[in-house]
Number of protein chains: 2
Amino acid sequence: MGAECHHTESAQPGLEGAALASAVAAAQAQCERTRERLTPPRRRVLELLLESDGPMKAYDLIAAYGADGEPAKPPTVYRALEFLERLGFAHRIESLNAYVPCRMEGAGHRAAFLICECCGAAQEFEPDFSAQFAAAKTAGYAVRTVTLEARGLCPACR
Amino acid sequence: MGAECHHTESAQPGLEGAALASAVAAAQAQCERTRERLTPPRRRVLELLLESDGPMKAYDLIAAYGADGEPAKPPTVYRALEFLERLGFAHRIESLNAYVPCRMEGAGHRAAFLICECCGAAQEFEPDFSAQFAAAKTAGYAVRTVTLEARGLCPACR
DNA sequence: CTCGTTATGTTATTTCATAACGCTGCGGTT
DNA sequence: AACCGCAGCGTTATGAAATAACATAACGAG
């Protein structure tokens, strides 16, 4: 993060200690409710995302995976990411080839991001597509998922 | 294209003959107006995009580049794509890692796509962000560009 | 014509992502 | 308990997407 600017404060500081444990526990609890399994690799990748100050690339996760510095094998991380995305615990940011933990309450929501081109922070927000696809729907389109990524400058970097 | 369905009619048939020549000439004319140069590799990549029935991957363009079957070198195509995107003649679809020629009138517009998960067609449309970023702007964000990609099923594939 | 700039050609490398295969361990059934 | 089906994992290898770096060539203004 912060490759292009030098602001000391991170827009999205990573979690640590109790906050991290609590976020992981919440994911664990949700998994149990839906009979899904938060296995060690999945939990580890989720932790890494939650600890991070900003979007992480897949190979950042691969490199950081082992507590002892041992990297993971790519499929380990990609499989975990697939699971975390499926359950709504993480999102992929297409325009960055990077991943973030979900910062919104509840699952199943639609994700959208404001990405700062200076500090690299990605702010998640809840998009409103109420009007956006009206024309598409009357034309017969069945919209299933939507990717919305806005790029610009965050308040701190302006 | 059409990897997952068998509809004979393409939603977005590629251009050929006079229509192709005319589209290329229009791009040529616009370049001359703005003192930009539609050089041979740029023109070639634009032709390939316009001829295609749907989004093309960069390496599809690389493979198809030479009239004699000789592929291009990757930087040749990536540079041409960068130029075409800058001038608004082509768009990158992030969620597909693919490229399409611009189908909308005029340049400088914001592009958005309806992508059919069955036939692979990508329908460009003009998004309306009038309300979408109001909150972001009052929070101090300066939005520069927006990527909007909706995935689902097109009328023909439903 | 000469110089600065823009564009291209070429080689190599880096980054991102998945295929394929076999093994393991859990949960349900009898 | 023994069996079985399947989700998940480890591992090797490879495929796909994009760019770095540097040399050469074409253009356009002065």
Side-chain angles (χ1 to χ4, degrees), chain A residues 3-4 27-28 31-46 48-49 55-68 70-87 89-100 120 147 149, chain B residues 1 3-4 27-28 31-49 55-68 70-87 89-100 120 147 149:
Chain A
E4 297 163 36
Q28 176 76 264
C31 283
E32 281 165 9
R33 250 176 278 128
T34 56
R35 300 285 197 282
E36 298 280 355
R37 295 160 59 194
L38 190 63
T39 59
R42 293 169 176 179
R43 167 190 291 261
R44 178 63 181 142
V45 170
L46 177 58
L48 288 169
L49 290 174
M56 288 188 80
K57 303 274 206 169
Y59 276 68
D60 294 341
L61 291 163
I62 287 167
Y65 184 88
D68 53 357
E70 273 301 291
K73 306 287 172 62
T76 301
V77 164
Y78 280 104
R79 286 165 179 161
L81 288 169
E82 183 185 3
F83 170 86
L84 296 172
E85 283 195 78
R86 180 162 60 78
L87 269 62
F89 295 146
H91 301 293
R92 172 179 167 83
I93 301 183
E94 296 288 350
S95 60
L96 297 178
N97 288 355
Y99 302 83
V100 290
T147 298
E149 297 172 11
Chain B
M1 308 310 81
E4 298 164 36
Q28 176 76 264
C31 284
E32 281 163 9
R33 251 176 275 126
T34 57
R35 301 284 197 281
E36 297 280 356
R37 295 161 58 196
L38 190 64
T39 58
R42 293 168 177 178
R43 167 189 292 261
R44 179 62 181 142
V45 171
L46 177 58
E47 280 174 6
L48 288 169
L49 289 174
M56 287 188 81
K57 303 274 206 170
Y59 276 69
D60 293 342
L61 291 164
I62 286 167
Y65 183 88
D68 53 358
E70 273 301 291
K73 305 289 173 61
T76 301
V77 164
Y78 280 105
R79 286 163 178 164
L81 288 169
E82 183 185 2
F83 170 85
L84 295 172
E85 282 195 78
R86 181 163 57 80
L87 280 276
F89 295 146
H91 302 293
R92 172 179 167 81
I93 301 183
E94 296 287 350
S95 60
L96 297 177
N97 288 355
Y99 302 84
V100 289
T147 299
E149 297 171 11

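Side chains included, hydrogens not; waters and symmetry mates left out as well; all remaining heavy atoms used. In what follows, chains carry the letters A, B, and so on, assigned in the order in which the sequence lines appear, proteins first and then strands, with residues in each chain numbered from 1.
The two residues R37(B) and R42(B) have their closest heavy-atom pair at O-NH1, 2.7 Å. The minimum heavy-atom distance between G120(A) and P55(A), with the atom names listed, is O-CD, 3.4 Å. Residues E149(A) and S95(A) approach most closely at OE1-OG, 2.6 Å, considering heavy atoms. The two atoms that bring L48(B) and Y65(B) nearest to each other are CD1-CA, 3.8 Å, heavy atoms only. The heavy-atom pair separating L84(A) from L46(A) by the smallest distance is CD1-N, 3.8 Å. Closest approach of R92(B) to Y99(B), counting heavy atoms only: NH1-OH, 2.8 Å.
Take the nearest nucleotide of DNA chain C for R92(A) and for T39(B): the residue whose nucleotide is more 5' is T39(B). Nearest-nucleotide mapping onto DNA chain D: of A58(B) and R42(A), the residue sitting toward the 5' end is R42(A). Along DNA chain C, the nucleotide nearest to L96(A) and the one nearest to P40(B) differ in position, and the one closer to the 5' end is contacted by P40(B).
DNA chain C is contacted by P74(A), P75(A), Y78(A), R79(A) of residues 74-82 of chain A, taking any non-hydrogen atom closer than 4.0 Å.
How far CG of L61(B) is from CG of L49(B): 5.0 Å, rounded to the nearest 0.5 Å. H91(B) NE2 to T147(B) OG1: the interatomic distance, rounded to the nearest 0.5 Å, is 11.0 Å.
The nearest whole Å value for the distance from the CD1 atom in I62(A) to the P atom in dT14(C) is 16 Å. Separating the CZ atom of R35(A) from the P atom of dC26(C) is a distance of 17 Å, rounded to the nearest angstrom. Rounded to whole Å, atom P of dT18(C) lies 10 Å from atom OH of Y59(A). For the pair R37(A) CZ and dT24(C) P, the interatomic distance rounds to 16 Å; values are reported in whole Å. N97(B) has its CG atom 9 Å from the C1' atom of dC16(C), to the nearest Å. Atom pair E70(B):CD and dT10(C):C1' shows a separation of 14 Å (rounding to whole Å applied).
Heavy-atom contacts of chain B under 4.0 Å fall on DNA chain D between two terminal nucleotides, which in 5' to 3' order are dA17(D) to dC27(D).
One axis for each end of the helix from dC1(C)-dG30(D) to dT30(C)-dA1(D), each built from five base pairs, and the angle between them comes to 30° at 10° resolution.
At distances below 3.5 Å, at least one donor-acceptor pair connects side-chain atoms of K57(A) with backbone N or O atoms of L96(A).
At a threshold of 4.0 Å, the pair R79(B)-E82(B) does not count as salt-bridged, since none of the basic side-chain nitrogens sits closer than that to a carboxylate oxygen.
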Worked check of side chain to side chain contact (heavy atoms under 4.5 Å, CB included) between Y59(B) and V77(B): CA-CA 9 Å; Y59(B) 276 69; V77(B) 164; over 6 Å; no
